[in-house]
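A short worksheet on the structure shown next.
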Amino acid sequence: MHAKLAAWVDEMARLCGPDRVEWLDGSEAEKERLEAQAVASGELIRLDHARLPGCLYHRSAANDVSRTEHLTYVCTRSRDDAGPTNNWMPPEEGYRKAGAIFRGSMKGRVMYVIPFSMGAVGSPFAKIGVQLTDSLYVALSMRIMTRMGRAVLDRLGAAGEFTRCLHGKADLDAERRIIVHFPEDNAIWSVGSGYGGNALLGKKCLALRIASHLARREGWLAEHMLILGVEDPQGRVEYITGAFPSACGKTNLAMLTPPEAYRAKGYKVWTVGDDIAWLRIGPDGRLWAVNPEAGFFGVAPGTDSRSNPNALATLQRDAIFTNTLLADDGTVWWEGGNGPAPRKGLDWRGQPWRPGLLDDDGKPVLGAHPNSRFTAAARQCPCISPRWEDPQGVPISAVLFGGRRERLAPLVCEAFDWNHGVYLGATVASERTAAQVGTIGEVRRDPMAMLPFCGYNMGDYFAHWLEMGRRIPKPPKIFHVNWFRKDAGGKFLWPGFGENFRVLDWILARCRGQGGARETAIGLLPESGALDLAGLELSQGVLERLLEVRREEWVEELAGHKAFFDRFGGRIPAELWRQHEALAQRLGATAAAR
Ligand code: SAT
Ligand code: MN
């Protein structure tokens, strides 16, 4: 027995005051027992067994449907170590504030102890956490999203290192909700929310915020990235990682189905992960990636057999649906899903719903919340890579950064070199989505899609990326992509989804030293004819708009880069300022004085 673990569980139980403490072993029998309890209490609803075998439905509190970044803190001793993009409080205050909400909050409840591994158990990349929670929904979700139970405890042994993760629902009152990270103590406390990214502590809290802190110390990268493999007709597979903000299509890209003409030739995409990548330098001098998760927590609305047939196949059994529409026949539905809406059902708030329902202001009432989700095991995905659990990971040829920009950023742009790529990543901006509380559509800087997830000062994070570049003998190439450019009428210029494969194809050609490119002020863009658009109806005019670099827009953008960097005081590496000045020069503008 791990004495420190036992002592910590006792201490937390004394704080939270549950009626009982139950250690979870991860067995099938245990799963069935917990599900039966959650169904009996109404926390989960069983879906129609014939059509969705083993699937469950969960409705969250109406005020608890997305990550609450304004209630999320990084508690380092020095404020500067958290940096200007994180909410900060001193560790003592974090423990005191969260502790006051936790105190006695589990009375009448059970505290579950969940040992979990991020990464295949025993992989040199893996990190172990132990989550305590009073939520059966969270316990059952952790069972899908992580490797958990006895095997992890065995691995931990009598003295292994682990991240202490305390989670409690308390009264789910947004006024009494806080998610505090203590990277210097390897601990996370989250109280007052049952929502995914706030409550499944292995995911954003451990695998990104705490892990990014560890990664800097230990010389690797913890990133908000999908990982996919592209197999060519000769059977050779090359791997790509891509960082995109939440709800910008990472799951769809990770599970992409290539256009018919490519499939006929023998191209195929393999999914390694859809949200998080841990990257290390391998013995061969390349960058290698693992997906530390075991499942997908994907956005449901918009997922249909056109946008993502692989996701649909993945969630046909043993999945948990959260805040979708619950149809009268015991199935689920969401806007942008397959088939017509069911004639009757309960919306994500639990209110009676029918197609065409309008609210008092005459606006359509959504059946599913825009951030409603499915949780399903990765191994159920038809295109899961045979190497997705490889303890060594997969070697990476290209790194993509992207966001949702209706103007400015072209479809694809290759960085001149690693440092320029870090600049591209550091200056990514994206329109806000429903995955986080805030004004949807507002453009914000989201460097490397890590703005809400970097557990330390982002100035130091950029320096760490630059340092990694110096240490990787054979670095991947870096690209910026934007699937979301629109025309003057607000219509998307690029069809996206499976057609994105055409862009991946050019990217991989570039990585092999092929594929034509032209140099522009912002980077290398596909030269005329270099993107294979056969079979796609896309006019020359639209293609030109997709690959257009408008000088005056970029000059304006430069000021945005500077304003963002200025927030960090002196902590932005000189190399990024040098990149900034070089971009200004290429645009024929003067970089604003620092
Ligand atoms: O809720 S999560 O943070 O896990 C999903 C997301 O926002 O990326
Ligand atoms: Mn994410």
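Note that the structure is a prediction, hence the values are computed from the model and not measured. First listed ligand is number 1; within each ligand, the first listed atom is number 1.
- Contact analysis puts R373 in contact with ligand 1, with a non-hydrogen atom separation below 4.0 angstrom.
- A cation-pi geometry, defined here as NZ or CZ lying under 6.0 Å from the six-membered ring centre and within 45° of its normal, does not hold between R209 and F453.
- For the Mn ion (ligand 2), the neighbouring protein N/O/S atoms at less than 2.8 Å, given as residue and atom, are K204 NZ, H224 NE2, D275 OD1.
- No more than 12 heavy-atom neighbours from other residues, nucleotides or ligands sit within 6.0 angstrom of CD on E161.
- Between Y195 and ligand 1, an N or O atom pair is found at a separation short of 3.5 Å.
- Counting atoms of ligand 1 from 1 in the listed order, those under 4.0 Å from a heavy atom of G197 are 1 (O), 2 (S), 3 (O), 4 (O).
- Atom OG1 in T322 sits 10.0 Å away from atom CG in L56 (nearest 0.5 Å).
- For ligand 1, the atoms sitting less than 4.0 Å from at least one non-hydrogen atom of F297 are 1 (O), 4 (O), numbered in the order shown with element in parentheses.
- Side-chain N/O atoms of Y456 and H464 include no donor and acceptor closer than 3.5 Å.
- N323 and Y57 form no side-chain donor-acceptor contact under 3.5 Å, judged by distance and modelled atom types alone.
- Protein heavy atom in closest approach to atom 3 (O) of ligand 1: R67 NE, 2.7 Å.
- Because its NZ or CZ atom is not both nearer than 6.0 Å to the ring centre of F244 and within 45° of the ring axis, K250 does not count as a cation-pi partner of that residue.
- H224 and D275 are linked by a side-chain donor-acceptor pair at a separation below 3.5 angstrom, with hydrogens and angles left out of the test.
- The aromatic rings of W418 and W465 sit parallel, their planes meeting at an angle under 30°, below the 60° perpendicular limit.
- Within 6.0 Å of CZ in R317 there are 12 or fewer heavy atoms belonging to other residues, nucleotides or ligands.
- Taking each of K203, K204, E69 in turn, the one with a heavy atom nearest to atom 8 (O) of ligand 1 proves to be K204.
- The S246 neighbourhood of ligand 1 comprises atoms 6 (C), 7 (O), 8 (O), with distances under 4.0 Å to a heavy atom of that residue.
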